2 protein chains.
Amino acid sequence: MAAPAKTSDDAIATAARRRFEEPGAEFSMAAVAAAAGVRTPSLYKRFASRGALLGRVRRDAFAELGAALEAATHGATDRERLRSGAFGYRAFALAHPRLYALMFAPGEGDAATQQARAASAAPTIEILRRAVGPEHALAAARTLTAFLHGHVTMVQAGAFHLGGDVDAAFAYGLERLLDGLLGPAVPPAE
Amino acid sequence: MAAPAKTSDDAIATAARRRFEEPGAEFSMAAVAAAAGVRTPSLYKRFASRGALLGRVRRDAFAELGAALEAATHGATDRERLRSGAFGYRAFALAHPRLYALMFAPGEGDAATQQARAASAAPTIEILRRAVGPEHALAAARTLTAFLHGHVTMVQAGAFHLGGDVDAAFAYGLERLLDGLLGPAVPPAE
DNA sequence: ACCTGAACACCGTTCAAGT
DNA sequence: ACCTGAACACCGTTCAAGT
C-alpha cells in the first residue's frame with residue numbers, strides 16, 4: 001500500500017555533490033532530481049529546501065577537506081608539516097573550485113558546518129600551539145588560513161592576471177609567512 | 001516625436017550600486033528599475049544584461065577601492081605605508097561587504113575590470129619594488145593581497161567562529177607577514 | 001508512506017506596440 | 001529614439017491526488 005522509496009538522503013546528497021564536479025553542470029533542484037532518478041518535488045520529502053541540501057553538501061565537503069589535509073600533512077619539523085598541509089589545502093581547493101566556493105559562501109553557517117570547519121582546522125592549531133605558543137596559536141592559524149584562502153580564491157576569481165608565476169608566488173609567500181610566524185629558516189643576510 | 005529619456009547609464013549604475021549598500025536589499029533588475037524610476041525592460045536599452053550592469057558596478061567599485069587605498073596609505077617608512085594600506089583595505093571591505101563580494105566573485109573578468117584591478121594594486125607593488133626588490137615585488141604583493149582578501153572574506157563568511165579577538169588576529173598576522181617579507185622590525189630574541 | 005502532475009510566485013529577457 | 005505591457009522560459013516550492 002505504501003509507495004516504495006526510490007531514493008534516499010544519501011543518494012540525493014551524492015547526486016548533489018556530483019553537480020559541483022562536472023564543469024558547466026548547474027546546480028538546480030531539477031538537475032539533482034534527474035540525477036537521482038526522481039521528480040523534483042520528491043526532493044522536498046528529504047530536504048526542506050535548496051539551502052538545506054546545499055548545507056548537507058557543504059558539511060560533507062568540510063569532512064573531505066579535513067581528510068585531505070590529514071593525508072597531506074607530514075614532515076619531521078613543524079615547518080615541514082605546516083608547509084605540506086598548506087600545499088594540500090591549495091591542491092584541494094584548486095581541484096574542487098566550485099565545491100570550495102560553496103564551502104566559504106557568505107551567509108549562513110549552521111552549527112554542523114561550524115563543527116566540521118573546526119575539526120578541519122584543529123590539527124593546524126595543534127602544530128602552531130607548539131610552534132608559536134598557545135597564546136598566539138589561534139591568531140597564527142587564522143593568518144595562515146587567510147593567506148591560503150585568499151590565494152586560492154583570487155586564483156579562482158582570475159585576480160592574478162599580471163603575469164608572473166602564480167605557483168612560485170604561492171611558494172614564495174608561504175615561506176615568507178612561515179618566516180614571520182616561526183622565525184626565518186636561516187638568518188637574513190646583511 | 002521621440003520619447004524623452006527618463007534615465008541614463010549613470011543613473012542606473014548609481015541605483016544599482018546603492019542596492020549593494022542597504023542590507024537586505026536584493027539586487028534584481030526589477031529593484032534597480034524601480035529605484036531608477038523606470039520599468040524593467042528599459043534597463044536593456046542601456047545595459048545588455050544583468051551581467052553587464054553588474055560589470056559596470058564592479059568596475060566602479062575597483063575605482064572606489066583604489067581611491068580608498070590611496071587615501072589610507074601614509075607613513076614615513078615602507079613598513080608603515082604597507083601597514084596603513086592594509087588597514088585601509090580591510091576597512092573598505094568590511095564597510096562594503098556585498099560590494100566587495102561582487103568585486104571578487106568568480107567567473108568573468110572583463111578587460112575593463114582587470115585594468116581597474118591593476119590600477120588599485122599598482123601603488124602596493126611600487127612600494128614593494130623598493131622594499132623586497134623588483135624580482136619579488138609581484139609575488140610579495142600577491143602574498144599581501146592574499147592575506148588581506150582571505151582575512152576579510154573569512155570574516156564575512158563567518159569562518160572565524162572559535163572565539164578570540166579577530167581584530168587582534170589581523171594585526172598579529174599582518175605584522176608577522178611584514179616580518180617575513182621585510183625582515184623583522186627588531187631582531188628576534190634568542 | 002512516498003511519489004508526482006499541476007500550479008504558483010518570481011526573475012531575467014524579448015518584442016511588438018505606443019509616443 | 002526611448003518607454004512599456006504582455007509574454008516566455010526558467011526555477012524554487014507547494015499541494016492535492018495517486019498508489
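Below, chains carry the letters A, B, ... as their sequence lines are ordered, and counting in each starts from 1. Quick caveat, the model's predicted, so the values are computed rather than measured.
Distance CZ (B:Phe47) to P (D:dC3): 13 Å, rounded to an integer number of Å. Atom CZ in A:Arg50 sits roughly 21 Å away from atom P in C:dA9 (whole-Å rounding). The interatomic distance linking B:Ile12 (CD1) with D:dC2 (C1') rounds to 11 Å, in whole Å.
At a threshold of 4.0 angstrom between heavy atoms, the contacts of B:Ser8 with the nucleic acid are absent.
A cation-pi geometry, defined here as NZ or CZ lying under 6.0 Å from the six-membered ring centre and within 45° of its normal, holds between B:Arg98 and B:Phe20.
Taking only side-chain nitrogens and oxygens, B:Arg46 comes nearer than 4.0 Å to OP1 or OP2 of D:dC3.
The nucleotide whose nearest atom lies closest to any side-chain atom of B:Met29 is, among D:dC3, D:dG12, C:dG12, C:dG12.
For residues 157-176 of chain B, the pairs satisfying ring pair (Phe, Tyr, Trp, His ring centres under 6.0 Å) are A:His136-B:Tyr172, B:Phe87-B:Phe170, B:Phe147-B:Phe170, B:His151-B:Phe160, B:His151-B:Phe170, with sequence neighbours left out. For residues 146-172 of chain B, the salt bridge (charged side-chain N to carboxylate O under 4.0 Å, His left out) pairs, not counting sequence neighbours, are B:Arg90-B:Asp167. Within the structure, salt bridge (charged side-chain N to carboxylate O under 4.0 Å, His left out) pairs that include any residue of residues 141-157 of chain A do not occur (at least two apart or interchain).
Linking ILVMFWY residues whenever their side-chain heavy atoms come closer than 4.5 Å, directly or via other members, leaves A:Leu162 and A:Val152 in distinct clusters. Put simply, B:Ile125 and B:Ile127 are part of two different groups of oily side chains (I, L, V, M, F, W, Y) that touch within less than 4.5 Å, one to the next.
Applying the side-chain hydrogen bond (donor to acceptor under 3.5 Å, both in side chains) criterion to A:Thr124, with sequence neighbours excluded, gives no partner residue.
Remark: A:Gln115 CD is loosely packed, at most 12 non-hydrogen atoms of other residues, nucleotides or ligands lying under 6.0 Å away.
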Note, DNA chain C 5' to 3' with Watson-Crick or G-U pairs under 3.5 Å encoded as ( ), [ ], | and . gives ||.|||||...|||||.||
Could you go through nucleotides 4-7 of chain D and list every protein N or O atom that sits under 3.5 Å from one of its N or O atoms, giving the distance for each pair?
{"from": "D:dT4", "atom 1": "OP1", "to": "B:Lys6", "atom 2": "NZ", "distance (Å)": "2.8"}
{"from": "D:dT4", "atom 1": "OP2", "to": "B:Arg39", "atom 2": "N", "distance (Å)": "3.1"}
{"from": "D:dT4", "atom 1": "OP2", "to": "B:Ser42", "atom 2": "OG", "distance (Å)": "3.3"}

